[in-house]
Amino acid sequence: MENRWVELLPSPAPVEDKTSEIAPDVDDALVGAAHPQLGLDVPDGNGLGEVFTDDVCVHWVGTHGGSGESTLETWLGGRACGHRWPRATPGGEATVATVLVARRTHNGMASASAAARQWAAGAVPDVNLLGLVLIEDAPGKVPRELQRQAKVLSGAVPRTWILPWIEDLRVHGEADPASLSHAATRTLASLREVVEEHTPAQKRNV
């Protein structure tokens, strides 16, 4: 049987799309593949680069320019790796806790899809992939096609969080986490639990 997400972002089928909108604060419902899949080919192209690390923390990996990984590092700690997979320094930890980050646009999710397939094919064995953060790229209701793509993509990674649109990030380049909406605060709280779980107590942000 063909793997259900060999092609993660297929062309939309010419049928009525009755998919309901993914509520950004219902991140626990977006659960997918927990481990790489045997027999899956590595996608064509260069893929993400690699960087060695001996940090014991969550590593944020943006799958495209402007993903938002640096913002998550600022708010939650961990290490932003740019657009590179973290590799464990020889003699260090066996695997590196990693979260992919992308904008919830067609191109953003296409890049996240390619990265997820790299991981699923076993091309980055050092990576302990915890999930994917999709960051909304615009205010208002999300188009149905982007909802559908996000649901398909969520099946390819262990867990998916949806971070709602944050106006201050666009206007000022930064935002006070204390002033965010309930949905954004709840998503960040869920991510913070993951960060703390994979960060030694002495390194956690106060």
Side-chain angles (χ1 to χ4, degrees), residues 19-32 55 57-83 86 97-113 115-116 129-206:
T19 303
S20 59
E21 183 170 2
I22 299 175
D25 59 345
V26 188
D27 50 87
D28 289 332
L30 302 178
V31 177
D55 285 346
C57 64
V58 168
H59 291 66
W60 309 102
V61 176
T63 65
H64 59 90
S67 296
E69 70 277 5
S70 296
T71 296
L72 293 177
E73 178 189 49
T74 299
W75 285 349
L76 300 172
R79 177 183 178 187
C81 290
H83 313 134
T98 303
V99 176
L100 295 172
V101 186
R103 295 286 177 176
R104 187 150 71 143
T105 64
H106 176 83
N107 290 341
M109 288 188 286
S111 68
S113 168
L129 186 62
L130 306 178
L132 164 71
V133 179
L134 291 176
I135 301 177
E136 299 291 14
D137 193 57
K141 186 175 177 61
V142 178
R144 285 189 174 184
E145 177 56 20
L146 294 184
Q147 296 173 35
R148 185 194 68 79
Q149 290 178 7
K151 277 199 169 184
V152 174
L153 179 56
S154 70
V157 293
R159 189 172 176 185
T160 300
W161 295 266
I162 307 292
L163 186 61
W165 166 257
I166 300 173
E167 183 75 22
D168 281 350
L169 287 180
R170 182 183 185 188
V171 176
H172 305 296
E174 59 184 15
D176 179 3
S179 68
L180 301 182
S181 67
H182 171 73
T185 299
R186 179 169 172 174
T187 299
L188 290 175
S190 179
L191 284 166
R192 187 177 296 280
E193 290 179 2
V194 173
V195 169
E196 292 181 350
E197 180 182 350
H198 292 85
T199 304
Q202 66 271 23
K203 293 184 64 176
R204 294 176 187 169
N205 288 350
V206 178

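These numbers were taken from a predicted model, which means no experiment stands behind them.
Across every non-hydrogen atom of Ala112 and Leu153, the tightest pair is CB-CD2, 3.9 Å. Annotation for Glu136 and Val142: closest pair OE2-CG2, 3.4 Å, computed over non-hydrogen atoms. Closest approach of Pro86 and Cys81 over heavy atoms only: CB-SG, 4.2 Å. Smallest separation of non-hydrogen atoms from Ser190 and Trp161: OG-NE1, 3.0 Å. Pairing each heavy atom of Ala102 with each of Leu132, the nearest pair is N-CD1, 4.3 Å. Contact between His64 and Ser111 at its shortest, heavy atoms only, is CD2-OG, 3.3 Å.
Atom NE2 of His182 and atom OG1 of Thr187 lie 9.0 Å apart (nearest 0.5 Å). Between Glu69 atom CD and Glu73 atom CD the span is 9.0 Å, to the nearest 0.5 Å. Going from atom CD1 of Ile162 over to atom CG of Leu134 covers 4.5 Å, rounded to the nearest 0.5 Å.
The only member of Arg144, Arg104, His106 that meets side chain to side chain donor-acceptor pair (under 3.5 Å) when paired with Gln149 is His106. No option in Arg192, His198, Glu193 other than Arg192 meets the side chain to side chain contact (heavy atoms under 4.5 Å, CB included) test with Glu196.
With contacts defined as side-chain heavy-atom distances shorter than 4.5 Å, the pair Ile166/Leu180 qualifies. Between Leu188 and Leu72, some side-chain heavy-atom pair lies under the 4.5 Å cut-off. Side chains of Pro158 and Leu129 form a contact here, defined as non-hydrogen atoms less than 4.5 Å apart. Residues Trp60 and Val195 meet the side-chain proximity criterion, which asks for heavy atoms closer than 4.5 Å. Side chains of Val152 and Met109 form no contact here, defined as non-hydrogen atoms less than 4.5 Å apart.
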